Amino acid sequence: MARAKTQFVCQNCGTTHARWAGKCDGCGEWNTIIEDDPAGGIGSGPGKPLRKGKPVTLTTLSGDIEDAPRIHTGIEELDRATGGGFVRGSALLVGGDPGIGKSTLLMQAAAALSRRSHRVVYVSGEEAVAQIRLRAQRLGAADTDVLLAAETNVEDILATLSQGKRPDLIIIDSIQTLWSDAADSAPGTVTQVRTGAQAMIRFAKQTGAAVVLVGHVTKEGQIAGPRVVEHMVDAVLYFEGDRGHHYRILRAVKNRFGPTDEIGVFEMSDVGLREVSNPSELFLGERNEKAPGACVFAGIEGTRPILVEVQALVAASSLGTPRRAVVGWDSARLSMILAVLEAHCGIRLGQHDVYLNVAGGYRISEPAADMAVASALVSSLAGLALPADCVYFGEISLSGAVRPVAHTGQRLKEAEKLGFARAVFPAGSADLPKKSSGSWNTVDALHDLVVGIAGSKAKSAPDEEE
Ligand code: TYD
Ligand code: MG
């Protein structure tokens, strides 16, 4: 008999490898590959014999849809991130680091829906019923009709859900605790997580209930991460935030029924998550206006403008290779800005440590932040504070030119609303607001921006340090 071949599966992304390796080629994560027996996959459990398929009825695109397809929770920020509420018959994955607040958010959503007389079932495999009740009390949700179960077996969960009236929303907390009789590997492995998720997704499609799957992001080790089911679900939301801060951001990364650039902003309090309808005020809350190196960026997330402070610190380095540390932004993008500053503006930072931080634990993904970052860097290097009532935005190209970005009007309006009277952005920007009391400065190239901030000091500053 031929020896059964083993395979190696990445627990982060599910890529299979012929041999073990420290790093997964698929996702680049380290120490996530474990040995897996391919014979122990789906359908290898105490199984039924293979049956012959039976034909299904083909149908048309038009036809009756039972209910309104969306269920609004009334929690604005959550509805915004999902694109208008949970979709019936769909599966939604909510991923995030352990302890970030996924269970809290979903318990609040469950309570809100239950108050709107929807039938909600909350299945927890992580916590005991008493623990969940305690949390519900803390969140003021204990008086709602949310149905609760502490269960991890997929078949038992499905049998329970099939009884009685169909639920409108089912929350499974979390997919890593699910295990199915149909697969014989340990709970938490890629096979089990996928089998469990698949069963829940099938249930959603068949019954028209909305299913929310919670998935912990796992940094390393033996537990499969939420990425292994991303391709199977209809929408993926990630709940992010910095443990040191209270802000939490719900970000859509995939959505078959809505936009993927929307975010929902929350604040963690002692009585659960609070919606933040004006994030700019929050992110600008602790500003020190006179400090060099701080710059306010006028950004856009989806349809919503967000003002946030970008902080830079440029200091002479004692190291052979100066340090570059970035929090909240792309470090490759920072290297690019530093290179452009050096090549086109004569600002040499090769002897300087550069630290960049986005205030409030927020993460910027827009290239429009380039100009704000460059301004913060120049301001810190020159030791000159930027005007306190000025915002910056615009993309920088490798040639040292600046490029207009979308939604200029919206950015300027938000800035004005929050008391910023000035703005610096690329020349040629479209849709400027018609009536406005602000003073808008446009620049043609990065060099103009640098001269505007530091004057002639920009050129001499690096030499002074030498
Ligand atoms: P939780 O929802 O259990 O996180 P997850 O399900 O993502 O693992 O939230 C855990 C954290 O939130 C915990 O550190 C305590 C904090 N928390 C509050 O600050 N206020 C609250 O009202 C609740 C319920 C939790
Ligand atoms: Mg939890």
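Heads up: numbering here begins at 1 and tracks the sequence. Everything numeric here is computed off the predicted structure, so don't read it as measured data. Remember, it's 1-based here, ligands and their atoms both numbered in the order they're listed. Just so you know, these numbers use all the heavy atoms, side chains as well, and skip hydrogens, waters and symmetry mates.
- Rounding to the nearest 0.5 angstrom, the gap separating the CD1 atom in I71 from the NE2 atom in H118 is 6.0 Å.
- No donor-acceptor pair under 3.5 Å is formed between the side chain of D261 and the backbone N or O of G302.
- Side-chain atoms of R88 never come within 3.5 Å of backbone atoms of G208 as a donor-acceptor pair (strictly under, hydrogens ignored).
- Nearest heavy atoms, G101 versus F239: O-CE2, 3.5 Å.
- Protein residues lining ligand 1, listed by chain and number: D97, P98, G99, I100, G101, K102, S103, T104, R135, R138, L139, H216, M268, S269, D270, V271, G272 [non-hydrogen atoms, distance under 4.0 Å].
- Around the Mg ion (ligand 2), the protein atoms of type N, O or S that sit closer than 2.8 Å are S103 OG.
- Of the inter-residue distances, the one linking I100 atom CD1 with L250 atom CG reads 11.5 Å to the nearest 0.5 angstrom.
- At a threshold of 4.0 Å, the pair R304-E414 does not count as salt-bridged, since none of the basic side-chain nitrogens sits closer than that to a carboxylate oxygen.
- Although no hydrogens or angles enter the test, the distance criterion places a donor-acceptor pair under 3.5 Å between the side chain of E151 and the main chain of N153.
- Classification of the F425-F393 ring pair by plane angle, with boundaries at 30° and 60°, yields parallel.
- For the 3.5 Å distance criterion, the side chains of E126 and S174 qualify, holding a donor opposite an acceptor.
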